[in-house]
2 protein chains.
Amino acid sequence: MRPKNLEKEQAIRTVALDIIAKEGLENLSMQKLAKAANVSPRTIYIKYENKEDFLVKLFINEVLEVYEQAVLKDFDEHMEFADGVKKIWMNTFQYLKNNRPAFALLQYSRSSPLLNKAYQQQHIQQGQFFAPIHRFIAANIKAGTIKNFHFDVYRAMIFPVLLELVSEYFDYTERPKQIITEKVLQECCATVIKGIMK
Amino acid sequence: MRPKNLEKEQAIRTVALDIIAKEGLENLSMQKLAKAANVSPRTIYIKYENKEDFLVKLFINEVLEVYEQAVLKDFDEHMEFADGVKKIWMNTFQYLKNNRPAFALLQYSRSSPLLNKAYQQQHIQQGQFFAPIHRFIAANIKAGTIKNFHFDVYRAMIFPVLLELVSEYFDYTERPKQIITEKVLQECCATVIKGIMK
DNA sequence: TTTGTAAGTAAATAAACGTTTACTTACTTT
DNA sequence: AAAGTAAGTAAACGTTTATTTACTTACAAA
């Protein structure tokens with residue numbers, strides 16, 4: 001049996017993310033992807049059932065899972081609240097600023113019904129996404145460090161600010177002056193923490 | 001000369017937003033739109049040059065401009081900082097929760113390169129988007145109420161949290177218990193303000 | 001070295017795409 | 001009442017779409 005060419009599989013995924021980042025999800029076609037990845041259209045269909053299946057698996061396996069690992073790197077749910085949040089922020093920023101195509105697809109998961117649904121299902125099936133952060137928040141509520149909001153509310157208060165700053169970081173990379181520096185990010189993080197802590 | 005049927009024009013826009021919200025921007029085709037709006041494809045092309053032109057104008061005129069007005073309703077840049085931010089928050093939430101299709105397209109403007117570019121250009125050409133808020137922030141920096149961050153950083157700290165809560169609000173409307181209540185929103189807003197103010 | 005088999009290709013499929021053509025309709029102007 | 005005209009329609013245009021068919025290739029096992 002002829003063995004799979006893993007480089008080709010990887011090329012398909014990488015090129016797909018690139019096209020999505022540069023031209024948008026709505027301009028990604030299977031034929032365009034095959035051509036750009038130097039592969040026959042049929043090759044994509046060996047591993048993926050159809051376009052939707054491909055997009056969902058690309059999002060979950062190539063982006064979301066890697067993203068989660070990067071965010072949680074060296075994070076420990078028993079850290080001091082402020083330290084833990086800072087760790088998460090800096091991890092997230094570090095990963096995303098070096099993975100613009102991943103960030104692009106992550107943004108699409110907030111608009112595209114297909115990807116949004118995939119995210120929700122993964123969240124339900126896979127136990128909890130970002131479970132250590134979930135426990136981290138719960139422990140801090142119990143300890144009285146922070147107010148008793150629902151986890152989803154805390155998620156809203158911690159991540160979207162940061163994702164918007166990443167988005168602005170990329171916008172400013174095409175302009176003379178970068179305003180989203182590591183220093184600004186740290187001060188911004190401190191601001192968020194100050195608001196949240198009792 | 002036969003006069004334009006304004007109802008048909010409106011139907012096209014309304015139906016388009018509906019399709020985008022339900023099936024996603026990537027599943028909106030001109031033929032599907034025409035059929036759903038009970039209109040000949042040609043009718044769309046009377047007013048719009050092509051699909052991109054249609055999408056950009058739909059986004060700018062039907063969503064972004066209306067959104068800006070709703071956000072700024074009864075807002076006065078000379079308000080106390082906390083009052084001003086609360087006003088903006090409640091206006092935004094009130095408008096978006098009753099205009100899910102508009103919210104859907106607004107979310108796409110954070111991922112789709114076409115809409116993102118349209119947003120940036122509008123921002124540059126049209127002077128400033130949300131100019132009163134810009135001046136509001138600037139005045140509060142000058143008065144020493146808040147720290148001297150760039151406006152874009154403040155934008156990141158004020159809006160994305162709220163938009164995420166709106167997104168969660170819609171998610172929870174399909175579930176037994178709504179956790180994004182007006183009370184939660186107000187407490188959340190207070191948390192953000194507490195962080196930002198000196 | 002031969003053989004079996006999944007990986008992979010090039011070309012083709014029908015359906016759907018954005019857009020246009022050829023025509024009709026409905027209203028204003030004269 | 002007749003003429004002029006842009007709005008609007010139905011059907012068609014060539015192209016691109018997602019996916020498949022028919023075939024070839026490259027390797028592991030025998």
Query - pair B:Gln94-B:Asn98: side-chain heavy atoms closer than 4.5 Å - result: yes
Query - For A:Phe129, the option from A:Tyr67, A:Phe159, A:Tyr119 that meets ring pair (Phe, Tyr, Trp, His ring centres under 6.0 Å) - result: A:Tyr119
Requested in this report: Using whole Å, report how far CD of A:Glu52 lies from C1' of D:dT17.
Outcome: 14 Å
Query - Which residue lies more 5' along DNA chain C, comparing B:Leu28 with B:Pro3 via nearest heavy atoms - result: B:Leu28
Requested in this report: Go through the N and O atoms of the side chain of B:Ser40 and the base of D:dA10, and report whether any donor-acceptor pair is under 3.5 Å.
Outcome: yes
Requested in this report: Measure from NZ or CZ of A:Arg100 to the centre of the six-membered ring of A:Phe103 and say whether it is under 6.0 Å with the direction within 45° of the ring axis.
Outcome: no
**Report entry** Polar pair under 3.5 Å, donor/acceptor by atom type, side chain A:Arg2, base D:dT25
**Finding:** yes
Report task. Provide, to the nearest angstrom, the distance between the CD1 atom belonging to B:Ile44 and the P atom belonging to D:dG8. Result -> 12 Å
Query raised in the report: Rounded to whole angstroms, how far apart are CD on B:Glu7 and P on D:dA7?
Result: 17 Å
Report summary line: A:Lys47 atom NZ is separated from C:dT9 atom C1', nearest whole Å, by 20 Å
Report summary line: B:Lys35 atom NZ is separated from C:dG18 atom P, nearest whole Å, by 14 Å
Report task. Select from B:Met30 and A:Val39 the residue whose nearest nucleotide in DNA chain C is closer to the 5' end of that strand. Result -> A:Val39
Report task. Select one nucleotide: of D:dG8, D:dT9, C:dA7, the one nearest the side-chain heavy atoms of B:Asn5. Result -> D:dG8
Report task. Starting at atom CG of A:Leu33, determine the distance to atom C1' of D:dT19, rounded to an integer number of angstrom. Result -> 14 Å
Report summary line: To the nearest angstrom, the CG-P distance between B:Leu25 and C:dG18 comes to 11 Å
Query - Heavy-atom side-chain contact between B:Asp152 and A:Asp171 under 4.5 Å - result: no
Query - A:Ser111 and A:Gln107 side chains, donor-acceptor separation under 3.5 Å - result: no
Query raised in the report: Which part of the nucleic acid, if any, lies within contact of A:Lys8, taking any heavy atom under 4.0 Å across all strands shown: a base, the sugar-phosphate backbone alone, or nothing?
Result: sugar-phosphate
Query raised in the report: What's the CD-P distance between A:Gln31 and C:dT9, to the nearest Å?
Result: 15 Å
Query raised in the report: Does B:Thr43 or A:Tyr45 map to a spot on DNA chain D nearer the 5' end, using the closest nucleotide for each?
Result: B:Thr43
Query - Any B:Lys51 side-chain N or O less than 4.0 Å from OP1/OP2 of D:dT16 - result: no
